[in-house]
Every structure is written in structure tokens, then in C-alpha cells.
Amino acid sequence: MSFKPPMTMMDFFRKSQGVWLTQRAVHHFDVVADESGQSNLIIKMIEKEDPRVNQVCKFQGIDPVKAMGGASFAWQANLDDSPPNDNYAAVLIDIPDDETGLSGKLIRDRGYVESMPVASRYWFGRDGILTIDTDYDNNQGQERCWFVTEDFRVRASTVRMMNGVNLVTYCSERRCVSPETLEQMVQDNLARAV
């Protein structure tokens, strides 16, 4: 069975729903040591009617009618069972350029590099690779993300300061199995043993 990558932002968000185990390596090009680690990325869909769509659009001065919906993203430590901290979360809203949805604007209530509302440009290549360019006050960020399979995706990003590249990040992300799915798998396995 061949895998078909998402080619619109809303399809990308739908395919990304769930909890992902992120393994990342961050390479700094200044005096800071390189780092690596694991975390969870929690992604939930936001439908067009959700009040957060209107809120983020109005704050960014964009007509909410142009929005297709979006997603909420939250990051937390891998073994942390507490609810996600709002300081490590963002709401992203999709404003496509046209009905194809291959490119557009992605607006956020807060950025990843600088914690401020931000607008990014995105586009999908024919190979399904999503590219997101973001201009902050003092930095430029570019992230590329693609699905290898339904349950495995890759992200690579750079942050540029005025004096050049400041850091490069590589993440591999594996979808976590929900407790309900895991229980069903156990029951299916037990049924085979009988």
C-alpha cells in the first residue's frame, strides 16, 4: 500500500493529530553547546468554527472568513503526565492562498523562536514536503516537515540571525499509540492465543 502525503495544511494537521515522540538534535553555531533530547508533541485539530480561529485572526488583522481552521500544538517532557503547560503551546491557523491549498499563510498566537504572534508563509512541494518560512523581529526561521509513513515524520529547521545561521534542528517523530489502541492490540493478541 503506497503512502500519500498530505498536500494541504488542513490535511497536514489532520494527519498530524495525536501525540508524537520527538527525538531532536540541535546544533548551535555560536558558543552554546549542541543539545539533544526527547519530548512529546501533542497536536489537536481546530475546526473553522472554533473561537480561537476568530481570536488569532482578529489579533493578526486578518478576516476570519479566509481561515480554514487550524491546530493547537503543545510540547512537554516525554514522561510528564501533567497537563501541557500553556507556555509551551501555540495555536496555528491556516489561511490558504487559493482553493488548491498548496500554499498560504500560517498565523500563530505565538512563535517558536520568539514568543510573539507571528505570520509565516508555507507551501507544499510536489514531493509532499512542507516548507514554512517565518520572519521574526531579529531572526528568520525555516522549517521543512514531511511524513515518511502515516506514523513517522521528519522535521528539519534553521534559525538565521543577522550574522548568519544560528542553529539547525533535526527531529524525527514517531506517533504514540493511544491507551485505547494499545488495549485493543492486547485484546486482539489474546484472542489469537485462544
Side-chain angles (χ1 to χ4, degrees), residues 5-6 8-26 35-60 62 64 67-95 104-122 130-134 136 139 141-159 167-183:
T8 69
M9 188 57 73
M10 292 307 291
D11 286 345
F12 187 86
F13 288 155
R14 278 185 202 90
K15 198 170 281 291
S16 297
Q17 278 190 112
V19 179
W20 297 80
L21 171 63
T22 300
Q23 294 179 281
R24 73 186 171 286
V26 181
E35 56 187 296
S36 64
Q38 294 182 336
S39 60
N40 288 342
L41 173 60
I42 303 150
I43 303 172
K44 297 178 182 174
M45 285 295 298
I46 295 176
E47 296 304 327
K48 193 173 187 165
E49 302 76 25
D50 190 295
R52 292 174 288 182
V53 171
N54 195 36
Q55 179 183 2
V56 174
C57 284
K58 289 210 180 229
F59 191 81
Q60 294 269 6
I62 294 173
M68 295 304 294
S72 66
F73 286 68
W75 300 265
Q76 72 181 151
N78 178 245
L79 299 176
D80 189 351
D81 287 337
S82 62
N85 182 333
D86 287 342
N87 292 328
Y88 303 104
V91 172
L92 287 75
I93 305 301
D94 176 27
I95 313 291
K105 190 182 288 188
L106 196 58
I107 58 173
R108 297 183 241 181
D109 64 340
R110 78 177 61 178
Y112 174 70
V113 176
E114 296 178 22
S115 187
M116 57 185 265
V118 67
S120 305
R121 292 288 310 155
Y122 74 82
L130 168 63
T131 301
I132 302 171
D133 283 336
T134 308
Y136 295 95
N139 304 291
Q142 183 177 75
E143 180 172 81
R144 302 192 83 202
C145 186
W146 63 96
F147 282 83
V148 177
T149 69
E150 293 281 345
D151 300 314
F152 188 82
R153 63 185 214 167
V154 175
R155 287 189 295 129
S157 60
T158 58
V159 175
L167 65 87
V168 173
T169 303
Y170 171 82
C171 298
S172 61
E173 297 178 324
R174 188 176 316 268
R175 189 185 307 273
C176 297
V177 177
S178 70
E180 297 80 19
T181 302
L182 183 58
E183 180 59 32

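Nothing fancy with the numbering, it's 1 onward along the sequence.
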Residues forming a salt bridge (Lys or Arg N to Asp or Glu O under 4.0 Å) with D133, sequence neighbours excluded: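 With neighbours one apart ignored, the set is empty.
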Taking R24 for the side chain and T169 for the main chain, is one N or O donor matched with an acceptor at less than 3.5 Å?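 No; judged by distance alone, with no hydrogens or angles, the pair does not exist.
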Look only at the side chain of D109 and the backbone of V91, and say whether a donor-acceptor pair between them is shorter than 3.5 Å.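 Yes, the answer is positive, given that a donor and an acceptor are paired below the 3.5 Å cut-off.
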Please name the pair of heavy atoms, one in [X] and one in [Y], separated by the smallest distance, quoted to 0.1 Å.
X: S16; Y: F147; answer: OG-CZ, 3.4 Å
X: S72; Y: I46; answer: N-CD1, 3.7 Å
X: T134; Y: A119; answer: CG2-O, 4.2 Å
X: G69; Y: V53; answer: CA-CG2, 4.3 Å
X: V177; Y: L182; answer: CG1-N, 3.6 Å
X: P64; Y: N54; answer: CG-OD1, 2.9 Å

How about [X]: does its [atom1] atom have over 12 heavy atoms from other parts shown lying under 6.0 Å from it?
X: K15; atom1: NZ; answer: yes
X: R121; atom1: CZ; answer: yes
X: K48; atom1: NZ; answer: yes
X: M10; atom1: CE; answer: yes

[X] [atom1] to [Y] [atom2] distance, which is reported to the nearest 0.5 Å:
X: D151; Y: R175; atom1: CG; atom2: CZ; result: 5.0 Å
X: D50; Y: K44; atom1: CG; atom2: NZ; result: 11.5 Å
X: L130; Y: D11; atom1: CG; atom2: CG; result: 12.0 Å
X: R174; Y: Q38; atom1: CZ; atom2: CD; result: 10.5 Å
X: Y170; Y: T158; atom1: OH; atom2: OG1; result: 15.5 Å

Below 4.5 Å, heavy atoms only, C-beta onward: do [X] and [Y] meet side chain to side chain?
X: T131; Y: Q142; answer: yes
X: L106; Y: I93; answer: no
X: S172; Y: F152; answer: yes
X: F73; Y: L41; answer: yes
X: R153; Y: R155; answer: yes
X: I107; Y: L92; answer: no
X: S120; Y: R108; answer: yes
X: N40; Y: W75; answer: no

Could you go step by step and tell me if Q60 and I95 meet the side-chain contact (heavy atoms from CB on, under 4.5 Å) rule? CA-CA 12 Å; Q60 294 269 6; I95 313 291; over 6 Å; no
Between the side chains of E173 and T22, is a donor N or O closer than 3.5 angstrom to an acceptor N or O?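 Yes, because at least one side-chain N or O of E173 sits under 3.5 Å from a partner of the opposite role on T22.
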F12 and Y122 aromatic centres sub-6.0 Å: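 Ring-ring flag for F12/Y122: false, centres at least 6.0 Å apart.
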